[in-house]
Amino acid sequence: MTRPVARIGILTGGGDCPGLNAVIRAVAKAALSGGIEVMGVEDGYLGLIDDRIRPLAYADVSDILTRGGTILGSCNKANPADFALRVGDQWVRRDVTDQVVEHYGAAQLDALVVIGGDGTMSGAAHLMTRGLRIVGVPKTIDNDLWASDITFGHDTAVATATDALDKVHTTASSHHRVMVVELMGRYAGWLALNAGVASGADVILLPEIPFSLEKVVATCVDRSKRGRRFTIVAAGEGATPIGGARFVDRLDPNSPDPIRLGGVARFVADNVEKMSGLECRSMVLGHIQRGGTPTARDRVLATRFGFAAFELLTKGRFGEVVVEQKGAIRSVPIPEVAGKTRTVPRDHDMVGAARSVGTSFGD
Ligand code: F6P
């Protein structure tokens, strides 16, 4: 017979995003109201490795709905199966899964809610093979989790990026410049596409549609000739020139995904200036996109996801991750989403809509 759930743990893993606290609140309040004890695991899987697990009371999860970040802390480096450990002046990699299993058992957790992206779900799939009972909740500003039409955090990031692009618009217009703004999103272009469409960017560069510098230059020059003496380029950080490679800003060898993208905006701005004679500036919006208070939409989605996760727990449906599909909340097996990326289809209607109002994708 399945062991009933009397005590759960909650952790937030990977890069943070607005709405994490709203999920923690939803899961914890539902559980505590139902007489289930709640333990907060600090800093994602790192807290399970280091045994930093503390009780969460109702007061701890009150008044956090609108707060950005995560009250539990997060970490995008702690993969229990391949954990980077400092020994003397060297980094060595170890499988610390046994430690995680021991601490999960010692904390007398009956189940664990993991709130995270693809890396966190891969970690969950691994821990499930060692007997941990896990329910997943997808988060990421990138909106790239497989099987979910939307992840919370994305809407807020789109709003932040759109606001930035709107502001860049006015100064671009005053100085008659080409402004290239680099947006996050890793290997998926959802953030650049949504913010680009929302702000009426003239060029949108996506990882899914390799671009030609000549085409970007042609758009800028053509606008200039037509008296539109400025151009706004919204560039996803994973965008690549045709036949070229992704722009890598730095490598973080201790992270399960060591690549940190960056540099495409500078590359485009420098080359467009050289090739067209138009004055260009580039900027990287960076982690601002992960900060701030969640939008109303993200608060609602996070609350729905949190409640759905609680329901999976009480029904004993472990090993599943909550998703949104066609507006309905559903769940799918965690191993089904682990390690996969949901990218923008080249024929997505939003790409067509953007093209129809004159936006170039540089292709
Ligand atoms: O996955 C979320 C994300 O913000 C990506 O859009 C970005 O490429 C990456 O994380 C940045 O990671 P870090 O916080 O380690 O710099």
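First listed ligand is number 1; within each ligand, the first listed atom is number 1.
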- Item | Verdict with supporting geometry, L206 and W190, side-chain contact (heavy atoms from CB on, under 4.5 Å) | CA-CA 8 Å; L206 304 179; W190 297 106; over 6 Å; no

- Task: May I ask you to say whether E42 pairs ionically with R54, meaning some side-chain N is under 4.0 Å from a carboxylate O?
- Result: yes

- Message: Determine whether the aromatic ring centres of residues F267 and F247 are separated by less than 6.0 angstrom.
- Response: yes

- Query: Between D270 and R266, is the closest basic N to carboxylate O distance under 4.0 Å?
  - Reply: yes

- Task: Salt-bridge test for K326 and D149: reply yes if a basic N is under 4.0 Å from a carboxylate O, no otherwise.
- Result: no

- Query: Is R223 salt-bridged to D202, going by a charged N under 4.0 Å from an acidic O?
  - Reply: yes

- Message: I'd like the residue list for ligand 1, meaning every protein residue with a non-hydrogen atom under 4.0 Å from the ligand.
- Response: N76, I141, D142, M184, G185, R186, E237, R260, H287, R290

